[in-house]
Amino acid sequence: MTLIEPGRLVVLLLPAALAIVYIVLLRRRERFAVRFTNLELLDKVAPERPGWRRHAPAVALLAGLVVLAFAVARPARVVQVPREQATVTLSIDVSLSMEAEDVAPNRLTAAQEAASRFLELAPEELEIGVVAFSGVAVPILSPTTDRGLAQLAIDRLELGEGTAIGEGIFAAVQLMENRLDRPPPDAEDQGGGDEPAQAIVVLSDGETTMGRPDLEAAAAAEEAGIPVFTISFGTPRGEVVIAGDTIPVPVNEGALREVAATTGGEFFEAATADEVRQILDDLGSRVGFEEESREVTDWFAGAGMVLALLAAAGSLLWFSRFP
(Lines give C-alpha, C1' and ligand atoms only; values in the text may rest on other atoms or scores of the structure.)
Protein backbone atom coordinates (compact mmCIF):
# COMPACT_ATOMS: atom_id res chain seq x y z
CA MET A 1 0.00 0.00 0.00
CA THR A 2 1.34 3.44 -0.96
CA LEU A 3 0.11 7.03 -0.65
CA ILE A 4 -0.10 9.30 -3.70
CA GLU A 5 -0.25 12.46 -1.57
CA PRO A 6 1.57 11.55 1.68
CA GLY A 7 1.96 15.21 2.61
CA ARG A 8 -1.77 15.42 3.23
CA LEU A 9 -1.38 13.20 6.28
CA VAL A 10 -0.90 16.45 8.16
CA VAL A 11 -4.67 16.29 8.69
CA LEU A 12 -3.97 13.51 11.19
CA LEU A 13 -3.21 16.35 13.59
CA LEU A 14 -6.96 16.96 13.86
CA PRO A 15 -7.99 13.57 15.30
CA ALA A 16 -4.81 13.64 17.41
CA ALA A 17 -5.87 17.00 18.87
CA LEU A 18 -9.38 15.69 19.49
CA ALA A 19 -7.95 12.66 21.30
CA ILE A 20 -5.88 14.93 23.55
CA VAL A 21 -8.90 17.12 24.32
CA TYR A 22 -10.96 14.02 25.10
CA ILE A 23 -8.34 12.68 27.53
CA VAL A 24 -8.01 16.09 29.23
CA LEU A 25 -11.78 16.43 29.68
CA LEU A 26 -12.00 12.85 30.92
CA ARG A 27 -9.39 13.47 33.61
CA ARG A 28 -11.06 16.72 34.60
CA ARG A 29 -14.34 14.88 35.12
CA GLU A 30 -12.56 12.24 37.20
CA ARG A 31 -11.08 14.91 39.47
CA PHE A 32 -14.50 16.48 39.86
CA ALA A 33 -16.06 13.10 40.76
CA VAL A 34 -13.50 12.58 43.52
CA ARG A 35 -14.98 15.57 45.34
CA PHE A 36 -18.19 13.57 45.73
CA THR A 37 -17.00 11.55 48.73
CA ASN A 38 -20.33 9.96 49.68
CA LEU A 39 -19.74 6.67 47.84
CA GLU A 40 -22.87 5.03 49.30
CA LEU A 41 -25.06 7.77 47.84
CA LEU A 42 -23.12 7.59 44.55
CA ASP A 43 -23.93 3.88 44.22
CA LYS A 44 -27.61 4.62 44.74
CA VAL A 45 -27.65 7.47 42.22
CA ALA A 46 -25.65 5.59 39.58
CA PRO A 47 -25.70 1.88 40.43
CA GLU A 48 -24.61 0.88 36.89
CA ARG A 49 -21.66 2.59 35.30
CA PRO A 50 -21.24 2.49 31.48
CA GLY A 51 -17.71 1.07 31.67
CA TRP A 52 -16.17 0.46 28.25
CA ARG A 53 -19.32 1.70 26.49
CA ARG A 54 -18.51 5.18 27.75
CA HIS A 55 -15.41 5.34 25.54
CA ALA A 56 -16.44 3.12 22.62
CA PRO A 57 -18.24 5.84 20.57
CA ALA A 58 -15.34 8.25 21.00
CA VAL A 59 -12.78 5.63 20.00
CA ALA A 60 -14.86 4.65 16.94
CA LEU A 61 -15.21 8.31 15.93
CA LEU A 62 -11.48 8.97 16.28
CA ALA A 63 -10.66 5.79 14.33
CA GLY A 64 -13.04 6.89 11.58
CA LEU A 65 -11.34 10.29 11.40
CA VAL A 66 -7.92 8.64 11.14
CA VAL A 67 -9.10 6.41 8.28
CA LEU A 68 -10.64 9.42 6.52
CA ALA A 69 -7.33 11.24 6.91
CA PHE A 70 -5.62 8.42 5.01
CA ALA A 71 -8.33 8.69 2.36
CA VAL A 72 -7.39 12.35 1.90
CA ALA A 73 -3.80 11.18 1.24
CA ARG A 74 -5.10 9.08 -1.71
CA PRO A 75 -3.95 5.52 -0.87
CA ALA A 76 -3.12 3.15 -3.72
CA ARG A 77 -2.36 -0.55 -4.04
CA VAL A 78 -0.62 -2.65 -6.69
CA VAL A 79 -2.98 -4.88 -8.68
CA GLN A 80 -2.57 -7.21 -11.64
CA VAL A 81 -4.26 -6.14 -14.86
CA PRO A 82 -4.32 -7.90 -18.25
CA ARG A 83 -1.43 -6.97 -20.53
CA GLU A 84 -2.26 -5.42 -23.87
CA GLN A 85 -0.87 -7.19 -26.97
CA ALA A 86 0.73 -10.00 -24.94
CA THR A 87 1.56 -13.16 -26.86
CA VAL A 88 2.43 -16.69 -25.73
CA THR A 89 3.34 -19.56 -28.03
CA LEU A 90 2.94 -23.08 -26.70
CA SER A 91 5.57 -25.33 -28.29
CA ILE A 92 4.46 -28.88 -27.55
CA ASP A 93 6.53 -32.03 -27.96
CA VAL A 94 4.65 -34.73 -29.91
CA SER A 95 7.51 -37.21 -30.24
CA LEU A 96 6.89 -40.92 -29.59
CA SER A 97 8.57 -40.62 -26.18
CA MET A 98 5.62 -38.45 -25.10
CA GLU A 99 3.53 -41.65 -25.16
CA ALA A 100 5.24 -42.83 -21.96
CA GLU A 101 2.81 -43.40 -19.13
CA ASP A 102 5.01 -42.33 -16.22
CA VAL A 103 2.84 -39.18 -16.20
CA ALA A 104 -0.79 -40.30 -16.10
CA PRO A 105 -2.44 -41.09 -18.42
CA ASN A 106 0.60 -40.34 -20.62
CA ARG A 107 2.97 -37.44 -21.18
CA LEU A 108 1.23 -36.05 -24.26
CA THR A 109 -2.26 -36.17 -22.79
CA ALA A 110 -1.00 -34.50 -19.64
CA ALA A 111 0.58 -31.77 -21.77
CA GLN A 112 -2.67 -31.30 -23.69
CA GLU A 113 -4.67 -31.05 -20.47
CA ALA A 114 -2.21 -28.52 -19.07
CA ALA A 115 -2.32 -26.44 -22.26
CA SER A 116 -6.12 -26.47 -22.16
CA ARG A 117 -5.99 -25.28 -18.57
CA PHE A 118 -3.69 -22.47 -19.68
CA LEU A 119 -6.29 -21.38 -22.26
CA GLU A 120 -8.96 -21.25 -19.56
CA LEU A 121 -6.87 -19.12 -17.21
CA ALA A 122 -5.31 -16.75 -19.71
CA PRO A 123 -6.90 -13.28 -19.97
CA GLU A 124 -9.02 -12.67 -23.04
CA GLU A 125 -6.52 -10.12 -24.39
CA LEU A 126 -3.67 -12.66 -24.46
CA GLU A 127 -2.90 -14.02 -27.92
CA ILE A 128 -1.89 -17.69 -27.95
CA GLY A 129 -0.12 -19.60 -30.72
CA VAL A 130 0.63 -23.31 -30.97
CA VAL A 131 3.64 -25.17 -32.41
CA ALA A 132 3.93 -28.97 -32.53
CA PHE A 133 7.31 -30.62 -32.94
CA SER A 134 8.64 -34.13 -33.26
CA GLY A 135 11.42 -34.67 -35.83
CA VAL A 136 10.29 -31.38 -37.43
CA ALA A 137 8.42 -28.38 -36.07
CA VAL A 138 5.06 -27.31 -37.49
CA PRO A 139 3.36 -24.02 -36.59
CA ILE A 140 -0.27 -25.10 -36.40
CA LEU A 141 -1.83 -21.91 -35.06
CA SER A 142 -0.75 -18.28 -35.38
CA PRO A 143 -1.22 -16.22 -32.20
CA THR A 144 -4.89 -15.47 -31.73
CA THR A 145 -7.37 -14.59 -29.01
CA ASP A 146 -9.79 -17.19 -30.37
CA ARG A 147 -9.76 -19.83 -27.64
CA GLY A 148 -11.87 -22.21 -29.72
CA LEU A 149 -9.24 -22.37 -32.46
CA ALA A 150 -6.45 -22.77 -29.91
CA GLN A 151 -8.27 -25.62 -28.18
CA LEU A 152 -8.91 -27.34 -31.51
CA ALA A 153 -5.22 -27.11 -32.38
CA ILE A 154 -4.25 -28.68 -29.04
CA ASP A 155 -6.83 -31.46 -29.33
CA ARG A 156 -5.59 -32.49 -32.79
CA LEU A 157 -1.95 -33.06 -31.81
CA GLU A 158 -0.60 -36.38 -33.07
CA LEU A 159 2.58 -38.29 -32.26
CA GLY A 160 5.50 -38.40 -34.68
CA GLU A 161 9.02 -39.81 -34.85
CA GLY A 162 12.06 -37.94 -33.57
CA THR A 163 12.47 -35.01 -31.21
CA ALA A 164 13.66 -31.57 -32.33
CA ILE A 165 13.28 -29.16 -29.42
CA GLY A 166 15.52 -26.62 -31.11
CA GLU A 167 13.30 -26.60 -34.20
CA GLY A 168 10.27 -26.18 -31.97
CA ILE A 169 11.80 -23.04 -30.44
CA PHE A 170 12.89 -21.67 -33.82
CA ALA A 171 9.36 -22.13 -35.16
CA ALA A 172 7.88 -20.36 -32.13
CA VAL A 173 10.29 -17.43 -32.52
CA GLN A 174 9.36 -17.12 -36.20
CA LEU A 175 5.70 -17.17 -35.27
CA MET A 176 6.32 -14.33 -32.81
CA GLU A 177 8.27 -12.27 -35.33
CA ASN A 178 5.50 -12.65 -37.89
CA ARG A 179 3.08 -11.45 -35.21
CA LEU A 180 5.15 -8.31 -34.63
CA ASP A 181 5.10 -7.56 -38.37
CA ARG A 182 1.35 -6.97 -38.03
CA PRO A 183 0.59 -3.59 -36.40
CA PRO A 184 -2.14 -3.72 -33.77
CA PRO A 185 -5.56 -2.41 -34.84
CA ASP A 186 -5.24 0.67 -32.62
CA ALA A 187 -1.60 1.42 -33.43
CA GLU A 188 -2.43 4.94 -34.62
CA ASP A 189 -4.25 5.70 -31.39
CA GLN A 190 -1.40 4.38 -29.30
CA GLY A 191 1.23 6.42 -31.11
CA GLY A 192 3.87 3.72 -30.83
CA GLY A 193 4.34 2.46 -27.30
CA ASP A 194 6.11 -0.51 -25.79
CA GLU A 195 6.57 -3.76 -27.67
CA PRO A 196 4.07 -6.49 -26.78
CA ALA A 197 5.03 -8.86 -23.99
CA GLN A 198 6.04 -12.25 -25.38
CA ALA A 199 6.95 -15.68 -24.10
CA ILE A 200 7.44 -19.22 -25.39
CA VAL A 201 6.38 -22.20 -23.30
CA VAL A 202 8.06 -25.50 -24.25
CA LEU A 203 6.35 -28.65 -22.96
CA SER A 204 8.67 -31.60 -23.56
CA ASP A 205 10.56 -34.52 -22.06
CA GLY A 206 13.73 -32.76 -23.10
CA GLU A 207 15.67 -35.25 -25.23
CA THR A 208 16.61 -33.78 -28.64
CA THR A 209 17.49 -36.40 -31.27
CA MET A 210 17.58 -34.34 -34.48
CA GLY A 211 17.43 -30.83 -35.87
CA ARG A 212 19.36 -27.77 -34.79
CA PRO A 213 20.80 -27.76 -31.24
CA ASP A 214 18.66 -26.54 -28.37
CA LEU A 215 21.12 -23.84 -27.33
CA GLU A 216 21.32 -22.45 -30.86
CA ALA A 217 17.56 -22.00 -30.77
CA ALA A 218 17.77 -20.53 -27.27
CA ALA A 219 20.29 -17.97 -28.53
CA ALA A 220 17.88 -16.98 -31.30
CA ALA A 221 15.08 -16.52 -28.77
CA GLU A 222 17.36 -14.48 -26.51
CA GLU A 223 18.36 -12.25 -29.43
CA ALA A 224 14.68 -11.69 -30.21
CA GLY A 225 14.05 -10.78 -26.58
CA ILE A 226 11.68 -13.70 -26.02
CA PRO A 227 12.05 -15.67 -22.77
CA VAL A 228 11.53 -19.42 -23.04
CA PHE A 229 9.82 -21.18 -20.14
CA THR A 230 10.42 -24.93 -20.18
CA ILE A 231 8.40 -27.64 -18.49
CA SER A 232 9.75 -31.15 -18.25
CA PHE A 233 7.38 -34.08 -18.52
CA GLY A 234 8.20 -37.50 -17.23
CA THR A 235 10.46 -39.27 -14.79
CA PRO A 236 13.75 -41.19 -15.06
CA ARG A 237 11.67 -44.40 -15.22
CA GLY A 238 9.75 -43.51 -18.40
CA GLU A 239 9.56 -46.05 -21.20
CA VAL A 240 7.60 -46.71 -24.39
CA VAL A 241 6.88 -49.82 -26.43
CA ILE A 242 7.76 -49.51 -30.13
CA ALA A 243 7.38 -52.49 -32.48
CA GLY A 244 7.25 -54.81 -29.47
CA ASP A 245 10.43 -53.45 -27.93
CA THR A 246 10.45 -51.60 -24.61
CA ILE A 247 12.62 -48.49 -24.92
CA PRO A 248 13.64 -46.33 -21.94
CA VAL A 249 12.81 -42.64 -22.40
CA PRO A 250 14.03 -40.87 -19.25
CA VAL A 251 13.33 -37.14 -19.02
CA ASN A 252 16.28 -34.84 -19.77
CA GLU A 253 15.78 -31.99 -17.33
CA GLY A 254 19.27 -30.59 -17.83
CA ALA A 255 18.66 -29.62 -21.47
CA LEU A 256 15.40 -27.83 -20.69
CA ARG A 257 16.91 -26.11 -17.66
CA GLU A 258 19.77 -24.74 -19.79
CA VAL A 259 17.41 -23.42 -22.47
CA ALA A 260 15.38 -21.53 -19.87
CA ALA A 261 18.48 -20.10 -18.20
CA THR A 262 19.90 -18.90 -21.54
CA THR A 263 16.79 -16.95 -22.48
CA GLY A 264 15.93 -15.48 -19.09
CA GLY A 265 12.95 -17.79 -18.70
CA GLU A 266 12.36 -20.37 -16.01
CA PHE A 267 12.50 -24.15 -15.79
CA PHE A 268 9.76 -26.18 -14.13
CA GLU A 269 9.78 -29.82 -13.16
CA ALA A 270 6.45 -31.60 -13.39
CA ALA A 271 5.94 -35.28 -12.74
CA THR A 272 2.14 -35.26 -12.65
CA ALA A 273 -0.65 -33.59 -14.59
CA ASP A 274 -1.79 -31.74 -11.47
CA GLU A 275 1.65 -30.23 -10.98
CA VAL A 276 1.72 -29.12 -14.60
CA ARG A 277 -1.64 -27.38 -14.17
CA GLN A 278 -0.36 -25.52 -11.11
CA ILE A 279 2.76 -24.41 -12.98
CA LEU A 280 0.78 -23.10 -15.93
CA ASP A 281 -1.67 -21.38 -13.59
CA ASP A 282 1.24 -19.40 -12.18
CA LEU A 283 2.88 -18.88 -15.56
CA GLY A 284 -0.37 -17.62 -17.04
CA SER A 285 -0.69 -14.92 -14.40
CA ARG A 286 2.90 -13.77 -14.96
CA VAL A 287 2.97 -13.54 -18.75
CA GLY A 288 -0.65 -12.47 -19.12
CA PHE A 289 -0.79 -9.74 -16.49
CA GLU A 290 1.24 -6.75 -15.40
CA GLU A 291 1.31 -4.80 -12.15
CA GLU A 292 -0.40 -1.43 -11.97
CA SER A 293 -0.94 0.99 -9.10
CA ARG A 294 -4.60 1.82 -8.53
CA GLU A 295 -6.10 4.31 -6.12
CA VAL A 296 -8.30 2.88 -3.36
CA THR A 297 -9.46 6.10 -1.73
CA ASP A 298 -13.07 4.95 -1.85
CA TRP A 299 -12.23 1.95 0.38
CA PHE A 300 -10.83 4.21 3.09
CA ALA A 301 -13.60 6.76 2.73
CA GLY A 302 -16.21 4.02 3.11
CA ALA A 303 -14.46 2.51 6.14
CA GLY A 304 -14.20 5.93 7.77
CA MET A 305 -17.91 6.59 7.26
CA VAL A 306 -18.81 3.19 8.72
CA LEU A 307 -16.75 3.89 11.85
CA ALA A 308 -18.34 7.33 12.23
CA LEU A 309 -21.82 5.83 11.89
CA LEU A 310 -20.98 3.17 14.49
CA ALA A 311 -19.83 5.91 16.85
CA ALA A 312 -23.08 7.81 16.37
CA ALA A 313 -25.23 4.70 16.72
CA GLY A 314 -23.47 3.61 19.92
CA SER A 315 -23.76 7.03 21.48
CA LEU A 316 -27.47 7.31 20.65
CA LEU A 317 -28.21 3.77 21.80
CA TRP A 318 -26.37 3.92 25.12
CA PHE A 319 -26.47 7.62 26.05
CA SER A 320 -29.22 9.13 23.84
CA ARG A 321 -26.81 11.71 22.41
CA PHE A 322 -24.23 12.10 19.67
CA PRO A 323 -20.61 11.47 20.61
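In this text, all values refer to a predicted model and were calculated from it rather than measured experimentally.
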Worksheet item: Can you list the steps and then say if L108 with E99 is a side-chain contact (heavy atoms from CB on, under 4.5 Å)?
Response: CA-CA 6 Å; L108 179 60; E99 196 173 18; over 6 Å; no
Taking the side chain as everything from C-beta on, heavy atoms only, tell me whether [X] gets closer than 4.5 Å to [Y].
X: D214; Y: E258; answer: no
X: V296; Y: M1; answer: yes
X: R156; Y: I140; answer: no
X: T235; Y: V251; answer: no
X: F133; Y: T163; answer: yes
X: L18; Y: L65; answer: yes
X: L9; Y: L3; answer: yes
X: I165; Y: L256; answer: yes

Discussion item. Counting only heavy atoms from other residues, nucleotides and ligands, does the tally under 6.0 Å from CD of E216 exceed 12?
Written reply: yes
Worksheet item: Counting heavy atoms not belonging to E101, are there more than 12 under 6.0 Å from its CD?
Response: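 No, the 6.0 Å shell around CD holds no more than 12 heavy atoms from other groups.
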Worksheet entry | Any donor-acceptor pair under 3.5 Å from E269 side chain to S232 backbone | no
Practice prompt. Answer yes or no: is there a donor N or O on one side and an acceptor on the other, between the side chain of R74 and the main chain of I4, under 3.5 Å?
Written response: no
Show the nearest heavy-atom pair for residues [X] and [Y], with the distance to one decimal.
X: S204; Y: D93; value: OG-OD2, 2.8 Å
X: A110; Y: A104; value: CB-O, 4.1 Å
X: A255; Y: G206; value: CB-O, 3.6 Å
X: D102; Y: G238; value: OD2-CA, 3.4 Å
X: A218; Y: T263; value: O-CG2, 3.3 Å
X: I128; Y: L141; value: O-CD2, 3.9 Å

Roughly how far, to the nearest 0.5 Å, is [atom2] of [Y] from [atom1] of [X]?
X: I226; Y: Q198; atom1: CD1; atom2: CD; value: 4.5 Å
X: M176; Y: T89; atom1: CE; atom2: OG1; value: 3.5 Å
X: Q112; Y: L157; atom1: CD; atom2: CG; value: 5.0 Å
X: S134; Y: L159; atom1: OG; atom2: CG; value: 8.5 Å
X: R257; Y: N252; atom1: CZ; atom2: CG; value: 10.5 Å
X: T230; Y: F267; atom1: OG1; atom2: CZ; value: 5.5 Å

Applying a strict under-4.5 Å side-chain criterion to I, L, V, M, F, W and Y, I'd like to know whether [X] and [Y] cluster together.
X: V138; Y: V94; result: yes
X: V130; Y: L119; result: yes
X: V136; Y: F170; result: no
X: I247; Y: M210; result: no
X: L61; Y: L12; result: no

Practice prompt. Test V249 against E207 for side-chain contact (heavy atoms from CB on, under 4.5 Å), laying out the working first.
Written response: CA-CA 8 Å; V249 285; E207 188 63 51; over 6 Å; no
Worksheet item: Can you find a side-chain donor-acceptor pair between E124 and T145 that sits under 3.5 Å?
Response: no
Item to complete: Show the numbers, then the answer: is there a side-chain contact (heavy atoms from CB on, under 4.5 Å) between F118 and L126?
Response: CA-CA 11 Å; F118 183 85; L126 181 67; 4.2 Å; yes
